[in-house]
Protein chains: 2
Amino acid sequence: MPGAREGPPLPMRPVLGEAGIVLAAIERQRMVPARTDLLRQGETPAVAHILLTGHTCRFRTLRDGRRQILAILVPGDLCDLEAVLGARADYGVSALTACTVGEIPCRRLADDTDAAMRAALWRHLLQDAAIAREWLVGMGRRNAQERLAHLFCELRVRLEAVGLAGTDFYETRITQVELADALGLTSVHVNRTLQELREAGLIRLANGRLTILDVPALERLAGFDPAYLRPGRALPEAERISLTSPPAAWR
Amino acid sequence: MPGAREGPPLPMRPVLGEAGIVLAAIERQRMVPARTDLLRQGETPAVAHILLTGHTCRFRTLRDGRRQILAILVPGDLCDLEAVLGARADYGVSALTACTVGEIPCRRLADDTDAAMRAALWRHLLQDAAIAREWLVGMGRRNAQERLAHLFCELRVRLEAVGLAGTDFYETRITQVELADALGLTSVHVNRTLQELREAGLIRLANGRLTILDVPALERLAGFDPAYLRPGRALPEAERISLTSPPAAWR
DNA sequence: CGAACCGTTGATCTCGTTCAAGGCGTGTGG
DNA sequence: CCACACGCCTTGAACGAGATCAACGGTTCG
């Protein structure tokens, strides 16, 4: 287990915040290696994937090869939103690391009789939209340093919410190419910007672990306000569910 | 009526595609002048606004004044999504032009017993998310010409869907500053890029009317594929509803 | 052992920004 | 009715953040 090698250990049972009700609908669990496609651009999802361990992303590839990552997904996230409506997805979903995913039949998601499911999906989708908006702000109005810093802050909060990050560090095996595709930059420039953040004493990133050396400073630089990551109405503690088993592998 | 001055007239009764069921829930109708705030950043919407005529936008303003438009809304669109959950909105909503908006009480949107309403909202929200993703692709991987062209193509299709655009033109009083804020550019550069598009014989934009002189060429330049604007499952024609009265004013 | 992937660095270029100014149309108050 | 302000569009000149092109070293893996 890579997390045990350095720094304090992470909680053994990640809490999948909003996803509690959704988790109960998982019919089958599957492990997939990194770079596996879970959904191809333009297809209609046959099942919905909920991520249990690892990272996936939604992405778009343009005809000429330019690629844009549209979302980075962490455990507890629903990968293919259009599954709810049985609609075509304009994006692909791909595993950034080795992952375990839960499969949920579309008819369970669309189940009209399950009010709890509906509410969970709503919250999920709205949160998803809020994150997309925040990325939009970043791409439009933030420079490379701010974008990178903001993404790191966002991932920290999202991972912490499911017990996969400490207050100042988390595991991530995201590459610089992937960061570039997520932030609308080139990998060359990501590399240089990372160096600036390192030299400024803000972060350490090596061996699949990001450590934020100065959380307030990084958040200030990023203009980070975690409000958009909080679900609108507070969720009663009882609704939060833990996985029954620790994650088999994070990478 | 500005549309009658030049070119063929637009249909008198815009069809508000998906929004049929939602329209029926309107309790009150309101006219607001341009630049009115319908929702302020950080507030929880008290009522949901559905746009009936004119344009509004969702936007974010950063502390230092940088502004990013997150969505441009056209008749039939729901302005404040978080109204469904009674959640705080991380964005503001503002009228780009004079508008008429329908107000829907939040409880009607969240009404658990109304399956048709739920389905309509789902489709709406997914479409909203699809548009946001497309913008994300543009901001990350398209240059100024492509972005501008893509936005023009998108608005044409969306407006045509509600009967407010012909096959190659529509009314829009959006300013260059607003275009810049939507596309993550400066108004200076938008101005120059617009000139390039004009000189290339692709568009004409004056007096609140955009004419696309060569639709296929513009779509090719933009890399535009309208698939993301189509609802997943085809909607039976019967579900499409017309307004009972023509729009009082578009500007 | 070679291929592929990833991070790194340097040199150069360019797209879009910044700063500054002027013109035009419209509304407004003296 | 004119003066003035303001919003919007336009233009020029200089600058800079990030892209592009090219190359190299380290690690992993077949």
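All chains are named by letter (A, B, ...) in the order of the sequence lines, taking the proteins before the strands, and each is independently numbered beginning at 1.
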Enquirer: Please state whether the phosphate of dT17(C), meaning OP1 or OP2, lies under 4.0 angstrom from any side-chain nitrogen or oxygen of Thr186(B).
Expert: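 The answer is yes; a side-chain N or O of Thr186(B) sits under 4.0 Å from OP1 or OP2.
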
Enquirer: May I have the distance from Leu183(B) (atom CG) to dG16(C) (atom P), rounded to whole angstrom?
Expert: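 In whole Å, dG16(C) P lies 11 Å from Leu183(B) CG.
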
Enquirer: If you apply the rule side-chain contact (heavy atoms from CB on, under 4.5 Å), what do you find for Asp181(B) with Phe59(B), and how did you get there?
Expert: CA-CA 9 Å; Asp181(B) 282 345; Phe59(B) 68 96; over 6 Å; no

Enquirer: Take the protein atom CD of Glu178(A) and the nucleotide atom C1' of dG7(C), then report the distance between them rounded to whole Å.
Expert: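 Interatomic distance, CD of Glu178(A) to C1' of dG7(C): 13 Å.
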
Enquirer: Closer than 3.5 angstrom, by distance alone: can the side chain of Arg58(A) be matched with the main-chain N or O of Cys79(A) as a donor-acceptor pair?
Expert: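 The answer is yes, because a donor-acceptor pair under 3.5 Å joins these two groups.
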
Enquirer: Can you tell me how far P of dG18(D) sits from CG of Asn191(A), to the nearest Å?
Expert: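 So the two atoms are 14 Å apart, to the nearest Å.
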
Enquirer: Given atom CG of Asn207(B) and atom P of dC8(D), what is their separation to the nearest angstrom?
Expert: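 Distance, rounded to whole Å: 15 Å.
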
Enquirer: Counting distance alone, no hydrogens or angles: does the base of dG7(C) have a donor or acceptor under 3.5 Å from a partner atom on the side chain of Arg192(A)?
Expert: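 Check fails, no donor-acceptor contact within cut-off.
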
Enquirer: Just by distance, do the side chain of Asp37(A) and the backbone of Arg40(A) share a donor-acceptor pair under 3.5 Å?
Expert: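 Such a contact is absent between Asp37(A) side chain and Arg40(A) backbone.
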
Enquirer: Is any NZ, NE, NH1 or NH2 atom of the basic residue among Arg173(B) and Glu178(B) found under 4.0 Å from an Asp or Glu carboxylate oxygen of the other?
Expert: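 No.
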
Enquirer: Provide, to the nearest angstrom, the distance between the CG atom belonging to Leu194(B) and the P atom belonging to dT11(D).
Expert: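 My rounded result for the distance is 12 Å.
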
Enquirer: Name the pairs: protein N/O against N/O of nucleotides 3-5 of chain C, kept only if under 3.5 Å.
Expert:
none

Enquirer: Looking at Glu43(A) and Arg88(A), does any basic side-chain N land under 4.0 Å from a carboxylate oxygen?
Expert: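 No.
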
Enquirer: Would you mind classifying the nucleic acid contact of Leu185(B) as base, sugar-phosphate or nothing, using non-hydrogen atoms under 4.0 angstrom?
Expert: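 Since only primed, P, OP1 and OP2 atoms lie under 4.0 Å of Leu185(B), the category is sugar-phosphate.
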
Enquirer: Heavy atoms only: give me the nearest Leu52(A)-Pro75(A) pair and the separation to one decimal.
Expert: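 Where Leu52(A) meets Pro75(A) most closely, the heavy atoms are O-CB, 3.1 Å.
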
Enquirer: Measure from CG on Leu179(A) to P on dG18(D) and round the result to the nearest Å.
Expert: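 Leu179(A) atom CG is separated from dG18(D) atom P by 15 Å.
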
Enquirer: Throw together a table of side-chain donor-acceptor distances under 3.5 angstrom for residues 193-203 of chain B, partners on residues two or more places apart or in other chains.
Expert:
{"from": "Thr193(B)", "atom 1": "OG1", "to": "His189(B)", "atom 2": "O", "distance (Å)": "2.7"}
{"from": "Gln195(B)", "atom 1": "NE2", "to": "Asn191(B)", "atom 2": "OD1", "distance (Å)": "2.5"}
{"from": "Glu196(B)", "atom 1": "OE1", "to": "Gln145(B)", "atom 2": "NE2", "distance (Å)": "2.5"}
{"from": "Arg198(B)", "atom 1": "NH1", "to": "Leu205(B)", "atom 2": "O", "distance (Å)": "3.1"}

Enquirer: Arg67(B) side chain to Thr61(B) main-chain N or O, any donor-acceptor pair under 3.5 Å?
Expert: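 The answer is no, because no donor-acceptor pair under 3.5 Å joins these two groups.
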
Enquirer: Rounded to the nearest angstrom, tell me the gap between atom NE2 in His189(B) and atom P in dT18(C).
Expert: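 Nearest whole value for this atom pair: 12 Å.
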
Enquirer: Rounding to 10 degrees, work out the angle separating the end axes of the helix from dC1(C)-dG30(D) to dG30(C)-dC1(D) (five pairs an end).
Expert: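 End-to-end axis angle: 30°.
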
Enquirer: Identify, with sequence neighbours excluded, every residue that meets side-chain contact (heavy atoms from CB on, under 4.5 Å) alongside Ala83(A).
Expert: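 Per chain and number, Ala83(A) pairs via side-chain contact (heavy atoms from CB on, under 4.5 Å) with Pro45(A), Ala48(A), Cys106(A), Leu109(A).
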
Enquirer: Between Val188(A) and Ser187(B), which residue's closest nucleotide on DNA chain D lies nearer the 5′ terminus?
Expert: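 The residue whose closest nucleotide sits nearer the 5' end is Ser187(B).
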
Enquirer: Within the side chain of Arg141(A), is there an N or O that forms a donor-acceptor pair under 3.5 Å with the backbone of Arg66(B)?
Expert: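 Checked: no pair found.
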
Enquirer: Applying side-chain hydrogen bond (donor to acceptor under 3.5 Å, both in side chains), name anything that partners Glu82(B), two or more places apart in sequence or on another chain.
Expert: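 Expected list: Tyr91(B).
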
Enquirer: Any side-chain N or O of Gln195(A) under 4.0 Å from OP1/OP2 of dT8(C)?
Expert: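 No, Gln195(A) has no side-chain N/O under 4.0 Å of OP1/OP2 on dT8(C).
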
Enquirer: Does Arg198(A) place a side-chain N or O at less than 4.0 Å from the phosphate oxygens OP1/OP2 of dT8(C)?
Expert: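 Yes, because at least one side-chain N or O of Arg198(A) sits under 4.0 Å from OP1 or OP2 of dT8(C).
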
Enquirer: Does any residue of residues 136-148 of chain A have a heavy atom under 4.0 Å from DNA chain D, and if so, which ones, in number order?
Expert: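 Within this stretch, Asn143(A), Ala144(A) sit under 4.0 Å of the strand.
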
Enquirer: Take the protein atom CZ of Arg173(A) and the nucleotide atom C1' of dT27(D), then report the distance between them rounded to whole Å.
Expert: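 These atoms are roughly 13 Å apart.
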
Enquirer: Of Thr100(B), Leu78(B), Val93(B), Val101(B), which meets side-chain contact (heavy atoms from CB on, under 4.5 Å) against Leu51(B)?
Expert: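 Going through the options one by one, the only one that passes is Val101(B).
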
